[in-house]
Every structure is written in structure tokens, then in C-alpha cells.
2 protein chains.
Amino acid sequence: MNNSEILIIDDEVQIRKLLNITLQSNDFKVIEAASAGEGLIMAANHPPDLILLDLGLPDESGHSVLKKLREWYAKPIIILSVLSSEEDIVKALDNGANDYLIKPFRTGELLARIRSALRVTSHEDKGPLVDCNNLQIDLSARTVKKNNEIIKLTATEYTLLSLFAKNEGKVLTHHYLLQQVWGPGYIDQSQYLRVFIAQLRKKIEEDPNQPKFIITESGVGYRFVIDK
Amino acid sequence: MNNSEILIIDDEVQIRKLLNITLQSNDFKVIEAASAGEGLIMAANHPPDLILLDLGLPDESGHSVLKKLREWYAKPIIILSVLSSEEDIVKALDNGANDYLIKPFRTGELLARIRSALRVTSHEDKGPLVDCNNLQIDLSARTVKKNNEIIKLTATEYTLLSLFAKNEGKVLTHHYLLQQVWGPGYIDQSQYLRVFIAQLRKKIEEDPNQPKFIITESGVGYRFVIDK
DNA sequence: ATTTCATTTGAAAATATTTTAAGTAAATGA
DNA sequence: TCATTTACTTAAAATATTTTCAAATGAAAT
């Protein structure tokens with residue numbers, strides 16, 4: 001099973017069709033955007049697990065789209081482009097692209113490069129078994145245990161908690177959390193955050209009224225601590 | 001500055017020479033191996049930050065070397081090969097290669113792909129900029145500790161203290177502090193400053209009546225000192 | 001079509017922070 | 001030294017933020 005979601009940003013219908021069929025038949029979920037503007041909005045409202053970006057878009061340069069995405073988007077971006085000059089390749093890679101394929105590309109190779117990119121970035125999550133204190137978060141198994149009982153967390157709750165676990169001790173601002181969990185289109189929806197923090201505390205804290213793990217930093221954000 | 005160490009595993013002397021010069025002039029440290037056996041040993045004895053691996057080695061198939069490396073080596077491996085078949089590329093990527101360049105390659109592109117691979121795998125933990133004297137201010141985590149206990153500071157208190165920390169030893173005028181913390185509309189509200197300085201002292205000073213960290217410069221402003 | 005579960009939205013109650021004000025202490029300059 | 005200015009402390013009033021609860025919406029699964 002795969003389930004990773006891939007956003008295609010490309011103005012050519014035929015390419016999108018081809019990619020869509022190829023990817024779907026390999027168990028990826030696919031969403032499509034036909035322009036830079038559309039792509040940026042879709043990425044912001046529903047961040048995918050990987051982005052395939054064409055450099056030759058009608059409304060805005062692909063390099064510029066790449067830069068805008070990289071201001072907040074940390075997952076893989078693979079460039080697909082007819083441009084084959086070394087200059088374009090180097091520029092794209094240095095602007096944060098993870099890979100660069102020249103059109104026309106071989107679909108088998110594209111799939112392998114997608115698998116590789118997803119493997120590498122998820123590999124980073126695999127801090128084996130990260131936290132302890134009658135609370136165990138296993139980022140590689142995607143499980144959370146309290147007193148050795150597995151706790152059921154929804155997708156959003158887990159994303160939020162894993163962000164905290166990866167940044168133990170640091171204050172994470174509302175802005176940052178909303179951007180990473182919901183996407184940059186939601187940076188002023190602090191209410192979402194409050195509701196989900198409350199749910200998380202209900203599930204992982206001994207006494208949700210006296211939280212020991214998720215500490216409120218009023219006016220700023222939240223901080224995750226594990227006292228050792 | 002760079003300092004990353006790269007291991008080249010390739011049997012062709014000319015390629016190794018070329019790579020060596022290119023990489024060294026880009027501030028990489030380079031080590032070379034001319035065969036699979038040699039490469040595996042060197043990698044094991046002194047694990048580099050990245051490996052450039054040729055698939056066409058005399059003593060052992062590159063694919064096999066790749067598999068052996070991946071049993072324990074987690075950092076980037078980039079394949080350099082004359083083999084351009086999709087089969088080889090897919091196989092290498094699925095065996096754990098991070099990237100695959102077909103020889104002859106463009107050096108600029110190789111360098112960019114090396115930078116990209118290193119960027120992705122290195123999760124840069126910012127060195128926490130700290131001040132010491134049983135008082136620790138971690139600007140990247142946004143936390144302040146006194147005697148190793150985290151002190152709760154409000155947003156305004158923290159902004160003020162971090163301003164002091166960033167300007168240790170300098171006298172900061174009322175005017176400047178008010179402008180930086182509250183904004184230019186508040187430059188004559190020195191009362192705010194007095195209240196918040198008092199609160200800060202209560203929280204961080206051993207004896208708030210004999211402040212050691214935040215020193216009053218009467219008529220001018222305040223100065224933050226840490227005696228080492 | 002129905003049920004279930006997660007997410008979103010809204011609004012009152014509880015907390016925390018900032019501002020204001022008033023009394024006291026300390027520093028400065030003639 | 002005294003008069004004056006500047007600084008400190010404290011606590012209440014005013015604001016702002018966070019928590020909590022619950023209902024509405026939406027999406028997926030049967």
C-alpha cells in the first residue's frame with residue numbers, strides 16, 4: 001500500500017493525463033493543477049506528499065514557483081522540464097528541488113525517482129523510537145503508546161504530535177504549526193490548533209488540566225517537553 | 001565553508017582525477033577507491049558524508065556494492081555510470097541510490113546534485129545561541145533557563161530579554177527598547193519599561209534588589225551583562 | 001442511503017497578560 | 001542638604017488569549 005498524494009503542476013493536458021494514469025496505477029493519489037497560480041493554491045490548501053513541477057508554466061516561471069513553495073513546503077519537489085541546460089538544472093536544484101528530469105522522461109525512471117525521493121524524506125522521520133516517559137512515540141511505526149497501550153490518533157492529531165516530537169523543547173509558533181499541519185492557507189485559523197491541542201492533551205496527558213507534555217506559551221505557541 | 005567528505009569508488013583514473021579536482025575546488029574533502037573491495041573497506045573504516053559510486057567496477061557489480069553499503073550506510077549515495085538503460089537506473093534507485101547520473105556528466109550538475117543530496121539528509125540543528133552564568137537563553141528554542149529550570153516568560157518579557165541578550169554589554173536606551181518591543185508609537189511610555197524590567201528581574205535575578213544581569217543606567221537606559 | 005468518524009465552526013467560561021495608577025525609594029544636580 | 005527628577009514596586013482594571021464544550025458540516029465506509 002502506498003497512499004502518498006502527488007500534486008502535478010503542468011499546463012500540458014497530455015502530460016497530466018499520462019502522469020495521472022501512470023501514478024494512479026501505482027497506487028498514488030493524484031491531484032492536478034494547470035497553472036502556477038492554481039498549483040500554489042492547491043499546495044497551500046492541501047499539502048501533498050510530493051510535487052511534480054513543470055518549469056514552463058504559462059502564468060509564472062517555474063523557478064519562481066519553486067522558490068515560493070520552498071518558503072514553507074519541506075517535502076520532495078521533482079522538476080519535469082523540457083529545458084535541458086545545465087544552468088536550469090543547477091538553478092532548480094539549488095533552489096530546493098530534489099530531482100530534475102528532462103522531458104520526455106521514461107515513466108519507469110520517474111516512478112523510481114519518486115520512490116527514492118519519498119524514501120529519503122520519510123527516512124528522516126525514522127528517528128527509531130523517539131520519546132519516553134510512560135509515553136512512547138514511534139515515528140517509524142507511526143504509533144503512540146501511553147502506559148504501553150496504543151492510543152488511537154487521527155491523521156491530523158498524529159501530524160501535530162510528530163511535529164512536536166521532532167522539535168522537543170522548542171517553542172513552535174501558532175503560525176508554524178498551522179503552516180506545517182494544515183498548510184499556509186490556514187495560518188490565521190488558530191482555533192483549529194486550539195481544538196486539536198485540546199484533543200491531543202485529552203489523549204496523551206495524565207491530567208489534561210495540568211498538561212506536562214504540551215505546554216502553552218501564551219501569545220506565541222506551544223512547546224513539547226519530556227522531562228527525563 | 002563545507003568540509004563534507006566524499007568517497008569516490010571508480011576504477012577509471014581519469015574520472016577520479018577529474019572528480020577529485022572538481023570536488024576539492026568546491027571545498028569537499030575527497031577520498032578515492034579504485035575497486036569495489038577497496039571502496040567497501042574505506043567506507044567502513046571511515047564513513048564519508050556521501051559516496052559517488054560507479055556501477056562498472058572490475059571486481060564486483062556496482063549494484064551489489066550498493067546493496068552491501070545500504071545494509072548499514074544511511075547517507076547519500078550517487079551513482080555515476082555509463083549504463084543508461086532504464087532497467088539499471090530503476091534498479092539502482094530502488095536499491096537505495098539517491099541519484100543516478102549517466103556518464104559523461106556535466107560537473108556543474110553533479111555538484112548541484114551533491115549539494116541537493118547533502119541538503120536533504122542533513123537536518124541542521126541550529127547551535128543554540130546561549131549565554132551562561134546559571135542563566136541560559138536559547139534563542140532558537142525560545143526558552144530561558146535559570147539553574148536548569150525553564151522560566152516562564154510572557155511574549156513581551158521574552159522579546160525584551162532577547163533584545164538584551166543580543167546586545168550584551170551595550171547600553172540600550174529607553175527610546176530604543178520601547179521602539180523595538182512596543183513599536184514607535186510608545187517611545188514615551190517609559191513606565192511600561194519599568195514595569196517589565198521589574199518583572200524580568202524578579203524572574204531571572206538571584207536578588208532582584210541587587211540586579212546582576214540587568215543594570216540600570218539612570219537617565220539613559222539599561223545594560224545587560226554576563227560576568228564570565 | 002445510512003452510519004460513523006474526523007474536522008470545522010461558534011460561543012461562553014476560564015486564564016494569562018498588559019496597561020494603568022498610585023505610593024515609595026533612589027539618584028542627580030545645584 | 002534639599003528639591004527634583006527618575007526609577008521601582010505593587011496591585012487592580014482592562015484586554016487578550018486560551019480552554020472547553022457542543023453542535024454543524026463533511027467525507028469515507030458499509
Side-chain angles (χ1 to χ4, degrees), chain A residues 1 3 5 29 31 44-47 142 144 151-161 164 171-175 177-178 180-183 185-205 207-224, chain B residues 142 144 150-161 164 171-178 180-183 185-224:
Chain A
M1 264 322 80
N3 249 350
E5 204 166 299
K29 226 180 143 246
I31 41 180
N45 288 332
H46 187 68
R142 224 197 119 90
V144 179
I151 301 178
K152 265 197 111 182
L153 293 182
T154 70
T156 312
E157 288 163 3
Y158 180 81
T159 310
L160 190 53
L161 182 59
F164 277 123
V171 175
L172 303 180
T173 63
H174 300 139
H175 184 95
L177 289 168
L178 286 162
Q180 294 301 311
V181 178
W182 283 269
Y186 293 76
I187 45 172
D188 45 3
Q189 300 289 321
S190 14
Q191 177 62 3
Y192 288 16
L193 202 44
R194 302 212 175 96
V195 171
F196 277 81
I197 292 286
Q199 283 170 357
L200 263 184
R201 294 217 255 231
K202 227 180 280 178
K203 291 187 181 184
I204 67 169
E205 297 281 2
D207 176 5
N209 292 62
Q210 307 256 302
K212 295 273 177 259
F213 292 117
I214 300 175
I215 309 297
T216 302
E217 297 283 345
S218 203
V220 184
Y222 295 90
R223 187 161 44 88
F224 185 72
Chain B
R142 221 206 95 102
V144 178
I150 285 189
I151 301 178
K152 262 206 122 184
L153 294 183
T154 70
T156 312
E157 288 162 4
Y158 180 82
T159 310
L160 190 53
L161 181 58
F164 279 124
V171 176
L172 303 181
T173 63
H174 300 142
H175 184 95
Y176 175 81
L177 289 167
L178 285 162
Q180 292 299 310
V181 178
W182 283 269
Y186 293 74
I187 45 173
D188 46 2
Q189 300 288 319
S190 13
Q191 174 61 6
Y192 286 17
L193 254 185
R194 302 209 179 98
V195 171
F196 277 83
I197 293 286
Q199 283 171 357
L200 260 185
R201 281 178 174 157
K202 222 183 284 178
K203 291 186 180 183
I204 68 170
E205 297 281 1
E206 218 56 64
D207 176 5
N209 292 57
Q210 307 259 302
K212 295 270 178 262
F213 291 119
I214 300 175
I215 309 298
T216 302
E217 298 285 346
S218 204
V220 186
Y222 297 91
R223 189 160 46 88
F224 185 72

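Each chain gets a letter, A, B and so on, in the order its sequence line appears, and its residues count up from 1. FYI, side chains are in, hydrogens and waters are out, and symmetry mates aren't considered; it's all heavy atoms of this structure. All of these numbers come straight from a predicted model, not from anything done at the bench.
As a whole-Å value, the separation of B:Ile197 CD1 from D:dA7 P is 11 Å. In this structure, CG of A:Leu193 is placed 18 Å from P of C:dG10, rounded to the nearest angstrom. Summarising the geometry, the separation between CG on B:Leu200 and P on C:dT17 is reported as 13 Å, rounded to the nearest angstrom. For A:Arg201 and D:dT20, the CZ to C1' distance is 11 Å, given to the nearest whole Å. In this entry the distance linking CD of B:Gln191 with P of D:dT9 reads 12 Å, nearest Å. Between the CD1 atom of B:Ile214 and the C1' atom of D:dA7 there is a distance of 14 Å, given to the nearest Å. Rounding to whole angstrom units, CD of residue A:Glu217 and C1' of C:dT17 are separated by 13 Å. The nearest whole Å value for the distance from the NZ atom in A:Lys152 to the P atom in C:dT7 is 12 Å.
Within the structure, every side-chain polar atom (N or O) of A:Trp182 is placed at least 4.0 Å from both OP1 and OP2 of C:dT7. Dashed line: the shortest gap from a side-chain N or O of A:Tyr192 to OP1 or OP2 of C:dT9 is under 4.0 Å. Between D:dT20 and A:Asn209, a contact under 4.0 Å exists linking OP1 or OP2 to a side-chain N or O. The side chain of B:Thr216 places no N or O atom within less than 4.0 Å of a non-bridging phosphate oxygen (OP1 or OP2) of D:dT6. Here B:Thr154 reaches the OP1 or OP2 of C:dT18: one of its side-chain N or O atoms lies under 4.0 Å away.
Each of C:dA6, D:dT10, C:dT20 was ranked by its minimum atom distance to the side chain of B:Lys202; first place goes to D:dT10. Distance from the side chain of A:Arg194 is smallest to D:dT17 among D:dT17, D:dT10, C:dT8.
Within the 4.0 angstrom heavy-atom criterion, only backbone atoms of the sugar-phosphate kind lie near B:Tyr222; the bases stay farther away. Here A:Thr156 lies in heavy-atom contact (under 4.0 Å) with sugar-phosphate atoms only.
Comparing A:His174 and A:Val195 along DNA chain D, the residue whose closest nucleotide (by nearest heavy atom) sits nearer the 5' end is A:His174.
Across every non-hydrogen atom of B:Arg201 and B:Ile214, the tightest pair is NH2-O, 2.8 Å. Contact detail for B:Leu153 and B:Arg142: the closest heavy-atom pair is O-NH2, 4.3 Å.
Between B:Tyr222 and B:Phe164, the ring planes lie perpendicular to each other; the angle is over 60°, past the 30° to 60° tilted range. The aromatic rings of A:Phe224 and A:Phe213 lie parallel to each other, with less than 30° between the two planes, well short of the 60° mark.
Using a distance-only test at 3.5 Å, with no hydrogens or angles considered, a donor-acceptor pair links the side chain of B:Glu157 to the main chain of B:Thr154.
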